Peer 1: 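Have a look at this one.
We use all heavy atoms of the structure for the numbers below, so side chains are in, but hydrogens, waters and symmetry mates are not. All residue numbers refer to positions in the sequence shown, counting from 1. In this text, all values refer to a predicted model and were calculated from it rather than measured experimentally.
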Amino acid sequence: MTNARIQRWIVLSSLIFWWCIAAWLWPEHRALAVICVFVPLIITPALLALQCALAAKANQHDRVPPASLADWLMVWMAEWRIATLVFSFWQPFRHHAWPDRTQPATGQRGIVLVHGFFCNRALWTPWMKRLHASQRPFIAVDLEPAFGSISRYADVVERAIAQMERTTGMAPVLVGHSMGGLAIRAWAAQYGSVGHGLARIHHMFTLGTPHHGTALAKTSHTRNGHQMRQGSDWLAQNQAALPAEFAAKLTCFYSNCDNIVFPASTATMEGADNRFVLARGHVELAFVADIEQICVT
């Protein structure tokens, strides 16, 4: 089952379940029925609040500047708005609204967009809309199966890179959000030392990628979730397999209010161009105009 179908099933089944409970309760327990109607809307902000609290605690001993309560409140509200759009509308129901641009084009460097854990290509909806408007070649991949090994995504990234090479005749730019950055690392470990290697890539950008794992992955029971745990065997083996010049071609954006990847400095990489972003949430990092501009310029 595709990521989009899984998310569509989750959204629709949640609405149907709680609204059926509300209908059953309505005749005799109208107050409870009203609460049930709004439960699907309450779950997201409640989870985000818990994530923000955990991240704030983890960052107390990290080297990033501390975020204020006002910063966290702004991030919580921004993530709530963005997560509702991404996970309840774009990804389940607008998966193919903006197709890839793979028409032959010369003189324009292609972009490969790689989403993160349990997302799909619709995460990049604003990027794809603007890339279409500027007639810029791009491919937004789908990392499937949703809960498989990150190493399996290397071939997905390779196919996109090869297509952009054929389309433009130029080395593309890779942009990975969250686990998407690890998928790019999986590609580099497998393909970066063969043929022309990393010369096939102009530059790589990661947004909130757990290069050193994330404390939140302790709660995951999926294969790729285990691989994103701090100190995991996968991270160590991947690091050892990366070409020596990998970090020199990498820019990492990270934030002191990342509610998924924390402690915050775990989203940095030694030898890379690590760029601190003040008070931005995890998904929000893919919606910062200045970051997008740097990545596509």
Peer 1: Any donor-acceptor pair under 3.5 Å linking the side-chain atoms of E270 with those of H212?
Peer 2: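 Present: a donor and an acceptor within the cut-off.
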Peer 1: Do we see a donor-acceptor contact under 3.5 Å between the side chains of S149 and Q227?
Peer 2: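 Result is yes, a qualifying pair exists.
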Peer 1: Heavy atoms only: give me the nearest I161-P172 pair and the separation to one decimal.
Peer 2: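 Of all heavy-atom pairs spanning I161 and P172, the closest is CG2-CG, 4.1 Å.
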Peer 1: Hey, is CE on M170 packed in by over 12 heavy atoms from elsewhere, all under 6.0 Å?
Peer 2: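 Yes, because the 6.0 Å sphere around CE of M170 holds more than 12 heavy atoms from other groups.
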Peer 1: Apply side-chain contact (heavy atoms from CB on, under 4.5 Å) to the pair T2 and D142, showing each step before the final yes or no.
Peer 2: CA-CA 9 Å; T2 66; D142 278 321; over 6 Å; no
Peer 1: Is the side chain of T214 donor-acceptor paired with the backbone N or O of F262 at a distance under 3.5 Å, no angle test?
Peer 2: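 Flag set: sc T214 to bb F262 pair under 3.5 Å.
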Peer 1: For the residue pair R121 and M128, establish whether any side-chain heavy-atom pair is separated by less than 4.5 Å.
Peer 2: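 Of all side-chain heavy-atom pairs linking M128 with R121, at least one is under 4.5 Å.
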Peer 1: Kindly indicate whether the side chain of R130, heavy atoms from C-beta on, has any atom under 4.5 Å from the side chain of E292.
Peer 2: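 They are in side-chain contact.
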Peer 1: Closest approach of G110 and M164, non-hydrogen atoms and distance?
Peer 2: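 Smallest interatomic distance, heavy atoms only, reads CA-SD, 3.6 Å.
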Peer 1: Indicate yes or no: at least one non-hydrogen side-chain atom of F253 is less than 4.5 angstrom from one of I294.
Peer 2: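 When only atoms from C-beta onward are counted, I294 and F253 do touch, with a gap below 4.5 Å.
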Peer 1: Determine the minimum heavy-atom distance between S255 and L285, stating which atoms define it.
Peer 2: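 The answer is CB-CD2, 4.3 Å.
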Peer 1: Quick one: which of V112, L113, T251 gives a side chain to side chain contact (heavy atoms under 4.5 Å, CB included) with V175?
Peer 2: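 The side chain to side chain contact (heavy atoms under 4.5 Å, CB included) with V175 is passed solely by L113 among V112, L113, T251.
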Peer 1: Any non-hydrogen side-chain atom of R101 less than 4.5 Å from a side-chain atom of R136?
Peer 2: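 SC-SC contact between R101 and R136 ruled out.
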Peer 1: Check this for me: F38, atom CZ, are more than 12 non-hydrogen atoms of other residues, nucleotides or ligands nearer than 6.0 Å?
Peer 2: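 No, because the 6.0 Å sphere around CZ of F38 holds 12 heavy atoms or fewer from other groups.
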Peer 1: With no hydrogens and no angle check, is any side-chain donor or acceptor of N259 less than 3.5 Å from a backbone partner on A55?
Peer 2: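 Checking the backbone N and O of A55 against the side chain of N259, no donor-acceptor pair under 3.5 Å is found.
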Peer 1: Between Q91 (side chain) and N120 (backbone), is there a donor-acceptor pair under 3.5 Å?
Peer 2: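 Flag set: sc Q91 to bb N120 pair under 3.5 Å.
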Peer 1: Side-chain contact, heavy-atom cut-off 4.5 Å: W187 with Y153?
Peer 2: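 No, side chains not in contact.
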Peer 1: Hey, is the main chain of K249 close enough, under 3.5 Å, to the side chain of H203 for a donor-acceptor pair?
Peer 2: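 Checking the backbone N and O of K249 against the side chain of H203, a donor-acceptor pair under 3.5 Å is found.
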Peer 1: Give a yes or no on whether the backbone of W80 and the side-chain of T84 come within a donor-acceptor separation of less than 3.5 Å.
Peer 2: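 Yes, T84 side chain to W80 backbone: donor-acceptor pair under 3.5 Å.
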Peer 1: Report the relative orientation of the aromatic rings in W124 and H177; use parallel for angles under 30°, tilted for 30 to 60°, perpendicular for over 60°.
Peer 2: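 If you compare the ring of W124 with that of H177, the planes turn out perpendicular.
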Peer 1: In terms of heavy-atom contacts, does CZ of R5 have more than 12 from other residues, nucleotides or ligands at under 6.0 Å?
Peer 2: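 No.
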Peer 1: Are side-chain N/O atoms of H226 and R223 paired as donor and acceptor at under 3.5 Å?
Peer 2: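 No donor-acceptor contact under 3.5 Å links the two side chains.
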Peer 1: Please report the C-alpha distance between T268 and R63 in whole Å, then the side-chain angles of each, then the deciding distance to 0.1 Å, and finally whether the side-chain contact (heavy atoms from CB on, under 4.5 Å) criterion is met.
Peer 2: CA-CA 11 Å; T268 65; R63 63 175 182 262; 3.1 Å; yes
Peer 1: Above 12 or not: heavy atoms from other molecules or residues under 6.0 Å from CD of E28?
Peer 2: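 Result for CD/E28: open.
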Peer 1: Evaluate the side-chain proximity of I291 to L207: yes if any heavy-atom separation is below 4.5 Å, no if none is.
Peer 2: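 Yes, side chains in contact.
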Peer 1: Would you indicate whether the side-chain heavy atoms of L182 and N238 approach each other to under 4.5 Å?
Peer 2: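 With C-beta onward as the side chain, the pair stays apart.
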Peer 1: When you group the ILVMFWY residues by side-chain heavy-atom contacts below 4.5 Å and let the links chain together, are V261 and L48 in the same group?
Peer 2: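 No, L48 does not connect to V261 through the hydrophobic network.
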Peer 1: Evaluate the side-chain contact (heavy atoms from CB on, under 4.5 Å) criterion for residues S220 and M228: first the C-alpha distance (whole Å), next the side-chain angles of each, then the deciding distance (0.1 Å), finally the verdict.
Peer 2: CA-CA 9 Å; S220 176; M228 288 187 283; over 6 Å; no
Peer 1: Looking at the rings of W72 and W76, which for Trp means the six-membered one, are their centres under 6.0 Å apart?
Peer 2: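 Between W72 and W76, the centre distance exceeds or equals 6.0 Å.
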Peer 1: Should F287 and L85 be marked as a side-chain contact (heavy atoms from CB on, under 4.5 Å) after you check the CA-CA gap, both sets of side-chain angles, and the distance that decides it?
Peer 2: CA-CA 12 Å; F287 292 78; L85 274 174; over 6 Å; no
Peer 1: Where the side chain of N3 meets the backbone of F118, is there a donor-acceptor pair that is under 3.5 Å apart?
Peer 2: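 No, the answer is negative, given that no donor and acceptor are paired below the 3.5 Å cut-off.
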Peer 1: Assess the pair H132 and F138: is the distance between their ring centroids shorter than 6.0 Å?
Peer 2: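 Distance test on ring centres: under 6.0 Å, yes.
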Peer 1: Tell me whether W234 at atom CH2 has more than 12 heavy atoms from other residues, nucleotides or ligands lying less than 6.0 Å away.
Peer 2: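 Check passes, neighbour count above 12.
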Peer 1: Quick one: closest heavy-atom pair of A264 and V64, and the distance?
Peer 2: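 What the structure gives for the nearest pair is CB-CG1, 3.7 Å.
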Peer 1: Going only through I, L, V, M, F, W and Y residues with side-chain contacts under 4.5 Å, is there a path from W90 to V114?
Peer 2: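 They do not share one cluster, since no chain of ILVMFWY contacts under 4.5 Å joins W90 to V114.
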Peer 1: Considering all heavy atoms of both residues, which atom of T209 and which atom of S178 are nearest to each other, and what is their separation?
Peer 2: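 Closest approach of T209 to S178, heavy atoms only: OG1-O, 2.7 Å.
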Peer 1: Are E158 and R200 within salt-bridge range, i.e. N to O under 4.0 Å?
Peer 2: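 Salt bridge: yes.
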Peer 1: Minimum heavy-atom separation for C36 and A22, please, with both atom names.
Peer 2: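 So the two residues come closest at CB-CB, 3.9 Å.
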Peer 1: Given side chains that start at C-beta, do those of Q239 and M269 come closer than 4.5 Å, heavy atoms only?
Peer 2: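 In short, these two side chains touch, coming nearer than 4.5 Å.
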Peer 1: Parallel under 30°, tilted from 30 to 60°, perpendicular over 60°: which one fits the rings of F89 and F93?
Peer 2: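 Ring orientation, 0 to 90° scale: tilted.
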